[in-house]
Amino acid sequence: MLIIISMLAAICLFIVLYVIIQAMGRKQELVKSRLRGLNNVQGQQRPEELYRRENMNRSLYERTIKPFADKIAAKIAKLTPASFRAQAEELVDQTNNLNGMGMTGFMMMLGASTVFFLLLGIWLVYSKNLPLLKGFFVFGAFVIAGVYVPFFILRRMVEERQEAIRQSMPDVLDLLCVSVQAGLGFDGALGKVTAKMKGPLIEEFERLLQELRMGVTRRNALTRLAKRCGIEEMKLFTAALIQAEKLGVGMAQVLEIQSENMREMRRQRAKESAAKLPVKVLFPTLVFIFPVMFIVVLGPALVTVAKMFSK
């Protein structure tokens, strides 16, 4: 029984890891397929020949594993409650589409985690010979853990990304302000910034620039940007840009003020973290440092006292 459960868990983890690795190269495969399609169109091929050649030139992942993974992800999505699915879509969007995997990758992760913890719970109940009621509660706890672990990992990714965006906002806004002051428009300044820098904030600005080039209004694009980032600093920044566009205020002046505000907010966060440090250090000091100091300082005295009483 244990060997079967271990083999099923290993197969499940292997499938998830393979899908993740293949999904990371999905963008390159998409570009290559589009280039092959353009070359075939230029060759004046018939539609059926074009379709056959395009399918044959696709990778094994795109032809077999990806459709299978999409079907499994769709079935898992149907089984999950609507509130969970909406929350997962929002979190995936805040992680920049989960490094290209999207909802399909997250649903595969959710299914694999649920199956793994389900098998682990079955093995634990079976190996320990737990009573019916206790085994039912243990089994339910493992199933709940299997559902919530992917959400926990996703939230951690969102928090790390948000912290990286907070730290890089002042520097990025400085370059954006300098570009606008040099005579570029807001869209041109965004293009210059995205070409010179990297990071989560630059990825969000690239997406903002793509939406603007597709014809989305600046107000809607900035609102979506603030929602994707989910931090107060970005909400203030986008609100200031929307207000400046509405009132006709100079963009360079607004960007300069926002850059100073973001730098001041980062300074305040650093001071707040420094103020919390003594409280955070108190518990490790009491548990790990003070006992060692007492042993080093009082140890020789206790040994001397013990020798005196022994005589």
Side-chain angles (χ1 to χ4, degrees), residues 1-3 5-7 9-10 12-14 16-17 20 91 94-95 99 109 112-131 133-172 198-201 229-233 260-311:
M1 182 67 181
L2 178 60
I3 297 175
I5 293 175
S6 302
M7 291 178 63
C12 184
L13 291 177
F14 173 76
V16 173
L17 291 176
I20 292 173
L91 291 174
Q94 290 180 355
T95 57
N99 296 325
M109 187 190 305
S113 175
T114 305
V115 171
F116 175 75
F117 278 91
L118 179 66
L119 296 175
L120 190 61
I122 294 173
W123 171 78
L124 184 62
V125 173
Y126 177 79
S127 62
K128 299 296 183 181
N129 291 325
L130 298 177
L133 183 61
K134 189 176 181 180
F136 177 77
F137 281 110
V138 170
F139 182 76
F142 272 90
V143 172
I144 293 173
V147 173
Y148 276 95
V149 162
F151 283 93
F152 175 77
I153 296 174
L154 201 60
R155 287 192 182 95
R156 290 294 303 171
M157 294 175 62
V158 171
E159 291 175 359
E160 293 177 358
R161 184 178 178 84
Q162 288 177 348
E163 185 60 28
I165 290 175
R166 286 193 187 98
Q167 294 297 327
S168 61
M169 274 195 73
D171 300 329
V172 174
K198 295 181 180 180
L201 182 58
C229 294
I231 58 176
E232 189 66 25
E233 290 84 349
E260 294 176 359
N261 291 338
M262 297 303 161
R263 203 172 297 279
E264 182 63 26
M265 294 177 70
R266 187 171 65 177
R267 191 179 298 110
Q268 293 296 329
R269 286 197 308 271
K271 291 181 180 179
E272 183 180 357
S273 300
K276 293 179 180 178
L277 188 60
V279 180
K280 294 180 179 179
V281 173
L282 180 61
F283 180 76
T285 302
L286 293 176
V287 175
F288 300 106
I289 298 178
F290 278 175
V292 177
M293 292 179 61
F294 289 152
I295 293 173
V296 172
V297 175
L298 300 179
L302 292 176
V303 172
T304 304
V305 172
K307 287 183 179 179
M308 290 177 60
F309 279 103
S310 64
K311 292 180 181 179

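Note: hydrogens, waters and symmetry copies are ignored here, and every other heavy atom, side chains too, is used.
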Rounded at 0.5 Å granularity, tell me how far CG in Leu298 sits from CE in Met293.
10.0 Å
Supply the atom-to-atom distance Met262 CE to Met169 CE, rounded to the nearest 0.5 angstrom.
4.0 Å
Do you know which two heavy atoms are closest between Gln162 and Cys229, and how far apart they sit?
NE2-O, 3.0 Å
Heavy-atom nearest pair, Gly146 first then Phe117, reads CA-CD1, 3.4 Å
Could you tell me whether Glu272 and Arg269 have a side-chain N and a carboxylate O separated by less than 4.0 Å?
no
Heavy-atom side-chain contact between Lys134 and Val125 under 4.5 Å
no
Which atom pair, heavy atoms only, marks the closest approach of Leu286 to Pro291?
O-CD, 3.4 Å
What are the two closest non-hydrogen atoms of Gln94 and Arg161, and how far apart are they?
O-CD, 3.1 Å
Distance check, rounded to the nearest 0.5 Å: Ile231 atom CD1 versus Met265 atom CE?
8.5 Å
Might you point out which heavy atoms bring Arg266 and Gln167 nearest each other, and give the distance in Å?
NH1-O, 2.7 Å
Please answer whether the main-chain N or O of Met109 pairs with a side-chain N or O of Ser113 as donor and acceptor at a distance below 3.5 Å.
no
Using every non-hydrogen atom in the two residues, find where Leu91 and Val158 come nearest and quote the distance to one decimal.
O-CG2, 3.7 Å
Short side-chain donor-acceptor distance under 3.5 Å, Glu264 and Gln268
yes
Evaluate the side chain to side chain contact (heavy atoms under 4.5 Å, CB included) criterion for residues Leu118 and Phe142: first the C-alpha distance (whole Å), next the side-chain angles of each, then the deciding distance (0.1 Å), finally the verdict.
CA-CA 6 Å; Leu118 179 66; Phe142 272 90; over 6 Å; no
In this structure, CD of Glu159 is separated from OG1 of Thr95 (nearest 0.5 Å) by 12.5 Å
Spatial distance of atom CZ (Phe139) from atom CD1 (Ile122) [nearest 0.5 Å]
5.0 Å
To the nearest 0.5 Å, what is the distance between CG (Leu119) and OG1 (Thr114)?
11.0 Å
Check whether more than 12 heavy atoms from other residues, nucleotides or ligands sit under 6.0 Å from atom CZ of Phe151, and answer yes or no.
yes
With side chain to side chain contact (heavy atoms under 4.5 Å, CB included) as the criterion, how do Asp171 and Arg263 come out once you've worked through the C-alpha distance, each side chain's angles and the decisive distance to 0.1 Å?
CA-CA 8 Å; Asp171 300 329; Arg263 203 172 297 279; 3.8 Å; yes
